[in-house]
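Each remark here refers to the structure printed beneath this line.
Note that ligands are numbered from 1 as they come in the structure, with each ligand's atoms numbered from 1 the same way. Both backbone and side-chain heavy atoms feed into the values below; hydrogens, waters and symmetry mates do not.
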Amino acid sequence: MPVPEPARGLRVALLGCGVVGTEVARMLLEQGTDLAARAGAPLELAGIAVRDASRPRDAAIPRALLTEDAESLVAGADIVIEVMGGLEPARGLLLRAIEGGAAVVTANKALLAVDGPTLYKAADSAGVDIYYEAAVAGAIPIVRPVRESLAGDHVRRVLGIVNGTTNYVLDQMATGGLDLDGAVRQAQELGYAEADPTADVDGYDAAAKAAILASLAFHTRVSADDVAREGIRGITSDDVAWAARTGHAVKLLAIAEQTGEGVSVRVHPALVPIDHPLAGVKGAFNAVFVEADGAGPLMFYGQGAGGRPTASAVVGDVVSAARHRVLGGKGPQESTYAARPLLPPDAAVTRYQVRLRVADLPGVLAQVAGVVGDHGVSIDTVRQTGPSEGTAELVLTTHAAREASLAATIAAVRTLEPVREITSVLRVEG
Ligand SMILES: NC(=O)c1ccc[n+]([C@@H]2O[C@H](COP(=O)([O-])OP(=O)(O)OC[C@H]3O[C@@H](n4cnc5c(N)ncnc54)[C@H](O)[C@@H]3O)[C@@H](O)[C@H]2O)c1
Ligand SMILES: N[C@@H](CCO)C(=O)O
Ligand code: NA
């Protein structure tokens, strides 16, 4: 039998050598034999673009591979991996790679959620792959299942905990007795939160991931600007304690749903019933709950952040792209044929829990309930605690209502004479 020709090695360029890049390089270098067998050709790490090649680095990173000239590295590559983050120069380098005929793999959700379509279009024109499994929920296979495994189904709703930092922070507030600032500091010390935690705490990171997931799930172009976004900055230890008392956990949720009217995509903190699978997602873990007509409910769970878990998703994409180089063919391209209308944030329909402090006088509950009813919002349950110092605390849970109706209801309740304070308004989901 003739000995098969050894396949030509594929030149892999790595852009960025931070938390994720270091682990990607380690996997490519340490698992070369297995990866070559799976890809059908050796994956040769041709170089690693960094800002400062003289900086001390992990012992696994060969100094000879470091270069400060990302442009030249990209020019000769078969596959380009972008784990630098940020919009530029990442976008320009990826476009140059694609135009030069390279397949690209990126973990950059911020870039994809803002300008993904430019990259998808360029990849389509050049006939090359663009893969981005690591951009949503790190190691968890979710991009590929939604894009490929569910391509024959009709996804109704995607509900996810897609930011590890905020999940860790809320968990610490619930179980570790920390306030928001203390829990954020701890998340930074543990390396979950970015140095500037704004993207995590204010929901930008989750909104970028929600936009990517919604685009894939509903075959409709959704960008980060289309996502109604609210972070966890307003959540107090008291909110978390009350949530537990009423049988809920507070979670920062990314929600993308399709109704008869269109597509609604939002990120906000919400109360999740304690028996819902998402309520049990602790620490920095992520989980994505998908509801599809045929498949029914599906749950994806795992590590959404961290160097090695994220590198697992990146290297999986590299192997897919390499297989196409060896065997021919191409992965799926962007699908936006459905072009569903995007609904405004106040069209969302959900249940609410409203906490308010009222004067402890006869008839106050009836007065509040009357105003709520007048706005077409129906109350499910009412709890009262107190009185203390002449006031009582009311906790109202509503049936499903439009965000716009609830906003009008709250504005009206606030003007009632016996109402001292609306302490919190939280959505109930799940
Ligand atoms: N860290 C995670 O858990 C995680 C998870 C999923 C996705 N991601 C995404 O992966 C990407 C990388 O994240 P990270 O955590 O490794 O970030 P990081 O800050 O640790 O690493 C980025 C590296 O890229 C380098 N870099 C930036 N601009 C450069 C340039 N112009 N030329 C050369 N090098 C440059 C930086 O110096 C840094 O070392 C980001 O897009 C991030 O959103 C990260
Ligand atoms: N900062 C992000 C990293 C993963 O995208 C998180 O906490 O989930
Ligand atoms: Na993923």
Side-chain angles (χ1 to χ4, degrees), residues 13-25 47-53 55 57-58 61 66-74 81-94 105-114 131-147 160-170 184 187-188 190-210 212-213 216 231-232 252 254 281 283-288 300-314 316-317:
L14 178 60
L15 309 180
C17 194
V19 173
V20 179
T22 300
E23 296 308 318
V24 169
I48 308 173
V50 294
R51 275 202 185 117
D52 177 1
R55 230 197 66 194
R57 291 182 192 269
D58 189 288
I61 305 297
L66 299 177
T67 172
E68 293 174 13
D69 183 2
E71 296 278 351
S72 303
L73 180 62
V74 160
I81 305 170
E82 185 274 307
V83 281
M84 299 191 305
L87 298 187
E88 290 295 349
R91 171 176 28 205
L93 288 164
L94 284 171
V105 173
T106 177
N108 195 334
K109 59 248 163 177
L111 172 58
L112 292 178
V114 169
Y131 278 110
Y132 48 92
E133 182 59 73
V136 184
I140 304 175
I142 183 69
V143 169
R144 200 175 306 255
V146 174
R147 187 153 82 152
I161 295 170
V162 293
N163 183 266
T165 300
T166 45
N167 202 58
Y168 177 83
V169 166
L170 292 169
V184 169
Q188 281 172 310
L190 288 166
Y192 300 142
E194 320 274 326
D196 171 5
T198 308
D200 296 314
V201 173
D202 292 325
Y204 291 99
D205 177 76
K209 293 165 180 168
I212 297 170
L213 278 178
L216 292 168
I232 63 165
L252 181 70
V281 177
F285 273 76
N286 283 193
V288 184
F300 300 83
Y301 172 82
Q303 297 190 69
R308 202 160 167 77
T310 306
S312 160
V314 170
D317 280 351

Tell me whether Gly138 has at least one N, O or S atom under 3.0 Å from the Na ion (ligand 3). yes
Less than 3.5 Å between some nitrogen or oxygen of Gly138 and one of ligand 1, yes or no? no
How many angstroms lie between NZ in Lys209 and NZ in Lys109, if you round to the nearest 0.5 Å? 4.0 Å
Out of all atoms in ligand 2, which are within 4.0 Å of some heavy atom of Ala305? Include the element for each. 3 (C), 4 (C)
Would a distance-only check, ignoring hydrogens and angles, find a side-chain to backbone donor-acceptor pair under 3.5 Å from Thr166 to Asn163? yes
Measure Ala110 to ligand 1 on non-hydrogen atoms and call it side chain, backbone, both or neither using the 4.0 Å cut-off. neither
Within the 4.0 Å heavy-atom cut-off, what Glu68 brings close to ligand 1 is neither
Candidate with minimal heavy-atom separation from atom 2 (C) of ligand 2, of Val162, Thr310, Asp200: Asp200
May I ask you to check whether Val20 has an N/O atom sitting below 3.5 Å from an N/O atom of ligand 1? yes
Using modelled atom types and a 3.5 Å cut-off, is there a donor and acceptor pairing between side-chain atoms of Glu68 and backbone atoms of Ala53? yes
Check each of Pro309, Ala139, Gly304 against atom 4 (C) of ligand 2 and report the one with the nearest heavy atom. Gly304
What's the spacing between Leu112 CG and Ile212 CD1 if we round to 0.5 Å? 4.5 Å
Would you say Arg55 has any N or O atom under 3.5 Å from an N or O of ligand 1, going by distance alone? no
Taking non-hydrogen atoms only, is Thr166 closer than 4.0 angstrom to ligand 2 via side chain, backbone, both or neither? neither
With a 4.0 Å cut-off on heavy atoms, is Gly138 touching ligand 2? no
Suppose we only count N/O/S atoms under 3.0 Å; would Ala313 qualify as near the Na ion (ligand 3)? no
From CZ (Arg144) to CG (Leu216), nearest 0.5 Å: 12.0 Å
What atoms in ligand 2 come closer than 4.0 Å to a heavy atom of Gly164? 6 (C), 7 (O), 8 (O)
Can you spot which of Val105, Asn108, Leu14 makes a side-chain contact (heavy atoms from CB on, under 4.5 Å) with Glu82? Asn108
Check whether Glu23 reaches the backbone of Thr310 with its side chain - one donor and one acceptor, N or O, closer than 3.5 Å. no
Near Lys209 (heavy-atom distance under 4.0 Å), the atoms of ligand 2 are 4 (C), 5 (O), 8 (O)
From the options Gly307, Gly85, Gly92, select the one whose nearest heavy atom is closest to atom 40 (C) of ligand 1. Gly85
Within 3.0 Å of the Na ion (ligand 3), is there any N, O or S atom belonging to Ala135? no
Donor-acceptor pair, Asn167 side chain versus Val281 backbone, under 3.5 Å? yes
Between Asp317 and Tyr132 (side chain of the first, backbone of the second, donor and acceptor by atom type, cut-off under 3.5 Å), is there such a pair? yes
Can you tell me how far the CD1 atom of Ile140 sits from the CZ atom of Phe285, to the nearest 0.5 Å? 8.5 Å
Between Val136 atom O and Glu133 atom O, the angle centred on the Na ion (ligand 3) rounds (to 10°) to 90°
If we only count N/O pairs under 3.5 Å, is Val19 in contact with ligand 1? yes
Pro89 touching ligand 1 at heavy-atom level, < 4.0 angstrom: yes
Counting C-beta onward and ignoring hydrogens, is there a side-chain heavy-atom pair between Asn286 and Ile142 closer than 4.5 Å? no
Give the contacting part of Ala49 toward ligand 1: side chain, backbone, both or neither, where contact means a heavy-atom distance below 4.0 Å. backbone
